[in-house]
J.: 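This is the structure, below, for whatever I ask next.
As the structure is a computational prediction, the values presented were derived from the model and not from experiment.
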Amino acid sequence: MTSAPHPLLATARTLADGLLAPQAARVDQEGVPVSHLEAIRRSGLLGVSAPVEYGGAGAPDAVAREVQEILAGACCSTWFVQTQHHTPVRMLAQTHLPVRERLLRPLATGELLAGIAFAHVRAFPRVPVRATAERGGWRFDGAVPWYTGWDLNDVMLLAGVTEADEVVFAFAEAREQAGLRASEPMRLAALTASRTVSLALDGLWLPDESVVLRTPQKQFALIDLPRNTNASPAVFGVAYAALRVLEDAGEPETAEALRGPLDEVRRQAYALAGHPVPHERVAERLALKTRSYDLMRTATTAAVVAGGGRATALDGTAQRLFREGMFLLVQGQTAEVRRAHLEALAKS
């Protein structure tokens, strides 16, 4: 006997088919509207992984992965803004520090939307953002190269590294304030709609009560490993969307030939993502990640080829998926992931 699909999967598909996909071309050119994020808030999807006792759904990780896949395949820009929210929620759920009681419920219910500003920690031993204990709190100085969802998020999860190589994660309001200044939104080849900026930090002070985690850099790297070595659900979402474009273009045989390998890599990647020891089998995770990239790239290229010259129009789905696929090739990239991907490309 198989269990019934989780109700949030139906919610995600309804939102994707009824709102996100039909407006994806406009969003790509004009930006993610607040109304899209309001719809996601109302849907309960922002709390997919949050504890039930705090107003979340407490859904299994497998459900959370599939929700992200569905949203990314419908509108990658909207997916990218809201996907930032889930790491802060998970981190709050795993702590017993005071900030949990202040923020977990409003984040789990969607009352607040969170962004993240910690990818730069992966550059260690280079330290783009320094955290220094000061006056019963922490001072942050440096530059955050990428922050997504500016003027859309309510709070941000910011990280810096201390002189003792400890990583400090703390919440701040996602707005300009003393010690925090944002650039103009970046013009990018893909996902410009996500309102990504850089942040200049010059003495931003946050109280101890805002801290959600302090951990040695080596321990953070271990915790962070599966986030970068597992295949992203968004890659599968964009790839399957490209197969639908192929079918609509009258190329069902090509779509079917690609679907089988994509299904198999997805099955293997998701099974490994659920492995009880997340930092084991790294080489296998990276191999599946690079294979998923290959299949996504093939699917999005095929969608462009099938559309011919029409596929290059700015309102065309094929070219948008192709550009979104390009973005996903480097999203969350680390030196280890880059090296594995380049080696795989050199052998192909």
J.: What I want to find out is whether K347 reaches E343 closely enough, with some N-O distance under 4.0 Å, to be called a salt bridge.
T.: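 No, K347 and E343 are not salt-bridged.
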J.: Starting at OG1 of T196, measure out to CZ of F80 and round the result to the nearest 0.5 Å.
T.: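 Rounded to the nearest 0.5 Å, the OG1-CZ separation comes out at 5.5 Å.
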J.: Taking the side chain as every heavy atom from C-beta outward, state whether R259 and L262 have any atom pair closer than 4.5 Å.
T.: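 A side-chain contact under 4.5 Å is absent here.
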J.: Do L37 and V34 touch side chain to side chain, with heavy atoms closer than 4.5 Å?
T.: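 L37 vs V34: side chains apart.
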J.: Restricting to pairs with a member in residues 89-106, which pass salt bridge (Lys or Arg N to Asp or Glu O under 4.0 Å), not counting sequence neighbours?
T.: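 Qualifying pairs, neighbours excluded: D61-R90.
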J.: Just to verify, which of V155, D154, L112 counts as forming a side chain to side chain contact (heavy atoms under 4.5 Å, CB included) with P106?
T.: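 For P106, the side chain to side chain contact (heavy atoms under 4.5 Å, CB included) test succeeds with only one of V155, D154, L112, which is L112.
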J.: Scan residues 270-280 for pairs that pass side chain to side chain donor-acceptor pair (under 3.5 Å), counting only residues two or more places apart or in two chains.
T.: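 Sorted pair list: E69-Y270.
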J.: Does either side chain, that of Q68 or that of R65, offer a donor lying less than 3.5 Å from an acceptor on the other one?
T.: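 Q68 vs R65: no donor-acceptor pair found between side chains.
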J.: Can we say E336 and R285 salt-bridge, meaning some charged N sits less than 4.0 Å from an Asp/Glu carboxylate O?
T.: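 Here E336 does not pair with R285 in a salt bridge, since their nearest N and O are not under 4.0 Å apart.
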J.: Counting C-beta onward and ignoring hydrogens, is there a side-chain heavy-atom pair between L20 and Q23 closer than 4.5 Å?
T.: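 SC-SC contact between L20 and Q23 ruled out.
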J.: Can you run down the salt bridge (Lys or Arg N to Asp or Glu O under 4.0 Å) pairs that involve residues 303-317, sequence neighbours left out, and say none if there aren't any?
T.: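 Salt bridge (Lys or Arg N to Asp or Glu O under 4.0 Å) check on residues 303-317 returns no pairs.
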J.: Test of understanding: clusters of I, L, V, M, F, W, Y form through side-chain heavy atoms closer than 4.5 Å, transitively. Do V129 and V197 belong to the same one?
T.: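 As far as the 4.5 Å side-chain criterion goes, V197 and V129 are connected within one cluster.
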